[in-house]
Amino acid sequence: MEQTLAIIKPDAVERNLVGKILGRIEKAGLKIVALKMVQLSKGEAKGFYNVHREQPFFDSLTDFMSSGPIVVAVLQGERAIEHWRKIMGATDPAKADPDTLREAFGLSIEKNSVHGSDSPQSAAYEIPYFFSHLELVNP
Ligand code: CDP
Ligand code: MG
């Protein structure tokens, strides 16, 4: 069993897409083992996306990610990291496969509605960034 961090980004929360996206997660058979809504400060968004600090999109991305509430979740399942990224689709909604969340809901390469860890190493950084072990359940 693997765990991954999922985020419903501010553009999707703002458009009332939380239920639809959580429904898609459940329909896919991934287990939600932690869940909450938070709003990041700019500094907290920079810490979360630290690996991208040298990227040209870093300042705009961290402004966006701190611009409104987000829903963060830990998803569990077999190959959960890859499974969730497949459900999300490509980073750029214009290049995302049909029936992916980013294809359905993404507004732009930045405002692409959802986040998912990209490796066991990133999940190991991202999950404790938001959740203490006391906030994770074992279904
Ligand atoms: O989220 P994902 O792992 O698919 O992509 P990333 O390369 O790790 O980039 C993180 C986030 O930065 C993306 O999800 C976009 O919101 C944003 N981004 C952007 O604004 N412009 C880019 N050219 C690439 C990424
Ligand atoms: Mg990434």
Side-chain angles (χ1 to χ4, degrees):
M1 280 296 162
E2 193 173 62
Q3 293 182 339
T4 189
L5 186 85
I7 303 180
I8 305 175
K9 294 186 178 183
D11 67 287
V13 174
E14 206 260 329
R15 287 177 289 145
N16 286 355
L17 294 170
V18 172
K20 280 205 175 86
I21 292 170
L22 293 178
R24 181 69 168 271
I25 288 166
E26 293 190 322
K27 198 174 157 200
L30 284 161
K31 284 288 171 195
I32 299 168
V33 298
L35 181 69
K36 63 185 169 189
M37 178 177 275
V38 296
Q39 181 161 356
L40 294 174
S41 67
K42 171 84 170 172
E44 288 162 347
K46 286 166 87 170
F48 179 75
Y49 279 117
N50 188 50
V51 348
H52 293 312
R53 67 191 175 280
E54 309 292 348
Q55 297 296 326
F57 57 81
F58 183 67
D59 190 52
S60 178
L61 172 64
T62 52
D63 273 348
F64 163 58
M65 288 300 290
S66 58
S67 68
I70 59 173
V71 171
V72 284
V74 178
L75 311 182
Q76 184 169 294
E78 229 154 88
R79 302 172 73 121
I81 293 170
E82 188 188 330
H83 190 181
W84 172 232
R85 286 195 67 93
K86 199 170 160 88
I87 294 165
M88 289 199 303
T91 307
D92 182 352
K95 294 179 184 149
D97 286 341
D99 295 325
T100 61
L101 290 170
R102 283 166 163 173
E103 188 270 343
F105 302 130
L107 300 175
S108 66
I109 194 166
E110 177 181 84
K111 295 176 174 61
N112 57 5
S113 303
V114 282
H115 167 86
S117 308
D118 67 4
S119 64
Q121 291 72 24
S122 71
Y125 177 77
E126 292 175 0
I127 291 170
Y129 199 82
F130 286 101
F131 295 102
S132 96
H133 70 284
L134 293 173
E135 296 176 289
L136 286 145
V137 298
N138 281 305

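The model shown is predicted, which means the values in this text are computed figures rather than measured ones. As the structure lists them, so they are numbered: ligands from 1, and atoms in each ligand from 1.
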Query raised in the report: Under 4.0 angstrom from ligand 1, any heavy atom of R85?
Result: yes
Report summary line: Residues I81 and S117: closest non-hydrogen pair is CG2-O, 3.4 Å
Query raised in the report: Quick one: do the K42 and T62 side chains pair a donor with an acceptor below 3.5 Å?
Result: yes
Query raised in the report: Any idea which heavy atoms bring Y129 and E44 closest together, and the distance?
Result: OH-O, 2.7 Å
Query raised in the report: Side chains of M65 and Y49: does their closest heavy-atom pair fall under 4.5 Å?
Result: yes
Report task. From the options H52, H115, M88, R102, select the one whose nearest heavy atom is closest to atom 1 (O) of ligand 1. Result -> R102
Query raised in the report: What do you reckon, does K9 put a non-hydrogen atom under 4.0 Å from ligand 1?
Result: yes
Report task. Compare all side-chain heavy atoms of F130 with those of I7 and state whether any distance is below 4.5 angstrom. Result -> yes
Requested in this report: Identify, for atom 15 (C) of ligand 1, the protein heavy atom at the shortest distance, and state residue, atom and that distance.
Outcome: I109 O, 3.2 Å
Query raised in the report: Looking only at heavy atoms, which two atoms of N112 and P93 are closest? And how far apart?
Result: CB-CG, 4.1 Å
Query - Mode of L61 contact toward ligand 1 - side chain, backbone, both, neither (heavy atoms, under 4.0 Å) - result: side chain
Query raised in the report: Does an N or O anywhere in Y49 fall below 3.5 Å from an N or O of ligand 1?
Result: no
Query - Protein contact of atom 22 (C) of ligand 1 - nearest heavy atom, named by residue and atom, plus distance - result: F57 CD2, 3.4 Å
Query - Contact check, D118 vs ligand 1, heavy-atom distance below 4.0 Å - result: no
Report summary line: Scanning both residues in full, the closest heavy-atom pair of E78 with M1 reads N-SD, 3.8 Å
Query raised in the report: Can you list the atoms of ligand 1 that are under 4.0 Å from a heavy atom of N112?
Result: 13 (C), 14 (O), 15 (C), 16 (O)
Query raised in the report: Honestly, is K9 close enough over F64, meaning NZ or CZ under 6.0 Å from the six-membered ring centre and within 45° of the axis?
Result: no
Query raised in the report: Any N or O of T91 that comes nearer than 3.5 Å to an N or O of ligand 1?
Result: yes
Query raised in the report: Which protein non-hydrogen atom lies closest to atom 16 (O) of ligand 1, naming both residue and atom, and how far is it?
Result: E110 O, 2.8 Å
